[in-house]
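One structure is given here, and the rest of the page talks about it.
Residue numbers start from 1 in every chain, and the chains themselves are labelled A, B, ... in the order their sequence lines are given, proteins ahead of strands.
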Amino acid sequence: MSTSYYLTTPIYYVNDKPHIGHAYTTLACDVLARFKRLDGYDVMFLTGTDEHGQKVQKSAEEKGIDPKAFTDQVSQNFRDLTATLNFTNDDFIRTTEDRHYAACQKLWAKLIENGDIYLDSYKGWYAVRDEAFYAESEITDGKAPTGAPVEWVEEPSYFFRLSAFQDRLLAFYDANPDFVAPKSRFNEVKSFVKGGLMDLSVSRASFSWGVPVPGDDAHVMYVWLDALTNYMTAAGYGQDGGESEYAKRWPADLHMVGKDILRFHAVYWPAFLMAAELPTPKRVFAHGWWTNEGQKISKSLGNVIDPVEIANTYGLDQMRYFLLREVPFGNDGDFSHTAMVHRMNGDLANDLGNLSQRVLSMIFKNCDGVMPTRPAQLTEADAPILAALDGLLEGQRKHYDSQMFHEALKEIWEVVSAANRYVDDMAPWALRKTDIDRMKDVLWVLAEILRQVAILIQPVMPEASQNMLDQLGVAADERGFDQLGGATRLSGGWTLE
RNA sequence: GGGCCUGUAGUUCAAUUGGUUAGAACGCACCGCUCAUAACGGUGUUGUUGUCGGUUCGAGUCCGGCCAGGCCUACCA
């Protein structure tokens with residue numbers, strides 16, 4: 001039985017239009033999910049939509065339809081995106097599903113039982129215009145920082161006893177030094193918690209579009225308690241007959257998030273779970289944001305990047321490669337036309353594409369299109385590059401497990417460069433006239449390099465790698481990571497198409 | 001205001017616990033090859049490592065001041 005690997009994207013708020021940020025988060029998960037599957041893991045890759053809250057209720061009212069019908073429509077945008085971008089999520093959760101209500105209510109009951117949720121009232125300065133609360137310190141002359149008038153509002157609310165978890169969280173962070181990545185983000189989380197924690201409002205009585213609080217119909221659960229629980233819902237928590245799935249999947253191996261929602265995943269979420277005496281996720285990775293041609297992306301500037309447009313312009317695999325190769329994962333990055341074109345031309349077309357082209361072309365012209373068979377004897381000139389090739393997987397595993405996708409790609413391309421160098425050094429076009437057998441051996445070595453490289457880049461470039469493997473004549477069921485390294489070699493002998 | 005981080009070649013980034021002439025990629029120049037998608041390979045190129053001072057036999061690396069930039073500082077997801 002293979003090992004489970006459970007990873008998640010955040011659930012995306014349906015009121016937003018899908019943009020490059022959503023695509024980026026899901027892409028990172030998709031690549032990791034594909035990698036783990038190829039490496040023999042039993043993968044569960046989850047994405048979905050967050051469909052509750054006042055804004056959604058209001059948007060639905062404005063359209064004159066009920067919230068459920070509204071969310072059915074808008075959540076479709078996100079399901080379409082996963083299909084268009086070739087994502088391989090195993091499930092798509094919506095917070096409006098029955099299974100999610102069941103999970104939320106079970107968790108709530110547990111928190112009540114353990115005494116970590118209590119009823120009080122939520123008080124504060126509220127600006128109707130901004131739909132936001134402001135702290136006492138932010139108010140000047142009865143105005144919010146935005147200039148909006150504020151009023152004192154009090155409403156009953158359930159609270160989660162977050163303040164009681166400061167020490168436990170800090171101890172948890174100490175015991176799990178890899179819980180949050182990158183390191184710098186983890187430091188921010190720790191310093192936030194060290195600064196003291198206030199209890200958290202976890203219900204609202206002022207609107208109704210949410211998961212009902214068990215035993216108190218006047219309240220619905222508020223935001224993060226509802227949203228974060230999705231990760232357990234999809235793992236079977238609170239489902240009839242979901243116990244074995246839950247036992248297999250939970251805790252999650254990785255929550256991938258944007259840096260803007262790190263705190264909720266790295267502070268609130270483990271606190272909720274500790275309070276419910278449930279296992280905490282193993283890791284949270286907070287990635288960075290993209291700028292567009294050096295400019296911050298914002299709706300008001302109108303420079304939002306549409307991932308579908310990018311994929312149509314440059315190609316889907318090209319976009320996937322660029323997003324993961326261009327920037328150290330975790331950092332902010334800049335999306336520019338010139339950078340995109342440079343990566344495509346340099347790495348993809350010139351280095352890898354041309355390598356494949358020159359090798360296949362020589363096999364067609366000089367071997368009657370028959371893939372050379374595995375040489376009985378290799379030379380000293382072949383050993384170093386094959387050793388580098390065979391050693392790639394180990395580094396790939398390390399980099400994927402730490403989400404260093406750019407490093408993983410960089411190492412593969414070092415072998416690609418070495419292969420181009422090897423072609424020049426061996427000069428098969430000269431061997432053709434002097435030693436045809438050696439020429440075939442050289443071409444075999446190159447084909448073997450292409451084979452392993454293509455297998456390794458499958459997670460990032462599923463289509464291009466498939467084409468490469470098809471061209472080489474590698475069988476569809478011989479493309480897993482168990483085919484890598486020196487144990488399994490390209491046998492050859494078949495006619496290329 | 002408080003906390004954290006960054007500042008290295010034209011550009012993007014590297015530099016094990018402080019240790020020889022600070023590296024790579026891209027760009028650029030020249031050379032080579034001719035199998036290939038005018039692609040590939042080789043050689044070379046540029047640095048007062050933000051700034052001032054300190055510790056040390058020795059500092060890109062440690063300490064302090066200054067300059068510049070970024071991030072976090074709780075209930076919109």
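Counting only heavy atoms from C-beta outward, the side chains of A:D382 and A:Y422 approach each other to under 4.5 Å. Within the 4.5 Å cutoff, the side chain of A:F87 has no heavy atoms near those of the A:C29 side chain. At least one side-chain heavy atom of A:M221 sits less than 4.5 Å from a side-chain heavy atom of A:W108.
At the heavy-atom level, A:D199 lies under 4.0 Å from base atoms of the strands shown. Heavy atoms of A:G353 sit under 4.0 angstrom from at least one base atom. The residue A:K194 sits apart from the nucleic acid: no heavy atom pair falls under 4.0 Å. Among the heavy atoms of the strands lying under 4.0 Å from A:G196 is at least one base atom, whether or not backbone atoms are also near. Nucleic acid contact for A:I11: none, since no nucleic acid atom lies under 4.0 Å from a heavy atom of the residue. Counting any heavy atom pair closer than 4.0 Å across all strands shown, A:Y12 reaches no nucleic acid atom.
Between A:E188 atom CD and B:G2 atom P the separation is 18 Å, expressed in whole Å. Here the P atom of nucleotide B:A77 and the CD1 atom of A:I261 are 11 Å apart, to the nearest Å. Spacing between atom CH2 of A:W224 and atom P of B:C75 amounts to 12 Å, rounded to whole angstrom units. Distance A:N354 CG to B:U34 P: 16 Å, rounded to the nearest Å. What separates CD1 of A:I385 from C1' of B:G41 is a distance of 13 Å, to the nearest Å. When the C1' atom of B:A39 is taken as reference, atom CG of A:N350 falls 6 Å away, rounded to whole Å.
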| Residue pair A:F207, A:H52: steps toward the ring pair (Phe, Tyr, Trp, His ring centres under 6.0 Å) verdict | CA-CA 10 Å; A:F207 61 90; A:H52 287 135; 9.3 Å; no
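Residues passing the side chain to side chain donor-acceptor pair (under 3.5 Å) test with A:S417: none are found, sequence neighbours excluded. Listed by chain and residue number, A:F160 satisfy the ring pair (Phe, Tyr, Trp, His ring centres under 6.0 Å) test with A:F165 (two or more places apart in sequence, or in another chain). Here A:N331 pairs with nothing under the side chain to side chain donor-acceptor pair (under 3.5 Å) rule; sequence neighbours left out. Residues passing the side chain to side chain donor-acceptor pair (under 3.5 Å) test with A:Q396, sequence neighbours excluded: none. Residues meeting the ring pair (Phe, Tyr, Trp, His ring centres under 6.0 Å) test with A:Y400, sequence neighbours left out: A:F35, A:F405.
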| note | Pairs under 3.5 Å (Watson-Crick or G-U), crossing ones as [ ], inter-strand ones as |: RNA chain B comes out as (((((((..((((.....[...))))((((((.......))))))....(((((..]....))))))))))))....
Could you list the donor-acceptor pairs under 3.5 angstrom formed by side chains in residues 227-234 of chain A, with sequence neighbours left out?
unit_1	atom_1	unit_2	atom_2	d
A:T229	OG1	A:L225	O	2.5
A:N230	ND2	A:A227	O	2.7
A:Y231	OH	A:H265	NE2	2.7
A:T233	OG1	A:H100	ND1	2.8
A:T233	OG1	A:T229	O	3.2

Show me, pair by pair, the donor-acceptor contacts under 3.5 angstrom made by side chains of residues 362-373 of chain A, not counting sequence neighbours?
unit_1	atom_1	unit_2	atom_2	d
A:N366	ND2	A:M362	O	3.3

Protein N or O to nucleotides 23-33 of chain B N or O, pairs below 3.5 Å:
unit_1	atom_1	unit_2	atom_2	d
B:G32	N2	A:D424	OD2	3.3

Distances under 3.5 Å between protein N/O atoms and the N/O atoms of nucleotides 5-9 of chain B, please, pair by pair.
none

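The shortest distance between the side-chain N/O atoms of A:Y222 and the OP1/OP2 oxygens of B:A77 is below 4.0 Å. Side-chain nitrogen and oxygen atoms of A:K259 include none within less than 4.0 Å of the OP1 or OP2 phosphate oxygen of B:C72.
Ranked by how close their nearest RNA chain B nucleotide is to the 5' end, A:V202 and A:A349 are led by A:A349. Nearer to the 5' terminus of RNA chain B, by closest-nucleotide assignment, is the contact made by A:S191 (compared with the other of A:S191 and A:K296).
Aromatic ring pairs are classed by plane angle as parallel below 30°, tilted from 30° to 60° and perpendicular above 60°; the pair A:W269 and A:F272 is perpendicular. Between A:Y321 and A:W413, the ring planes lie tilted relative to each other; the angle falls in the 30° to 60° range.
For A:R185 and A:F285, the positive end is not near the middle of the six-membered ring at less than 6.0 Å and at most 45° from its axis.
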| note | Whether each nucleotide of nucleotides 11-17 of chain B has a protein heavy atom under 4.0 Å at its base (B), only at its sugar-phosphate (S) or at neither (-) is summarised, 5' to 3', as -------
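The list of salt bridge (charged side-chain N to carboxylate O under 4.0 Å, His left out) pairs with a residue in residues 337-348 of chain A, not counting sequence neighbours, reads A:E326-A:R343, A:R343-A:D347.
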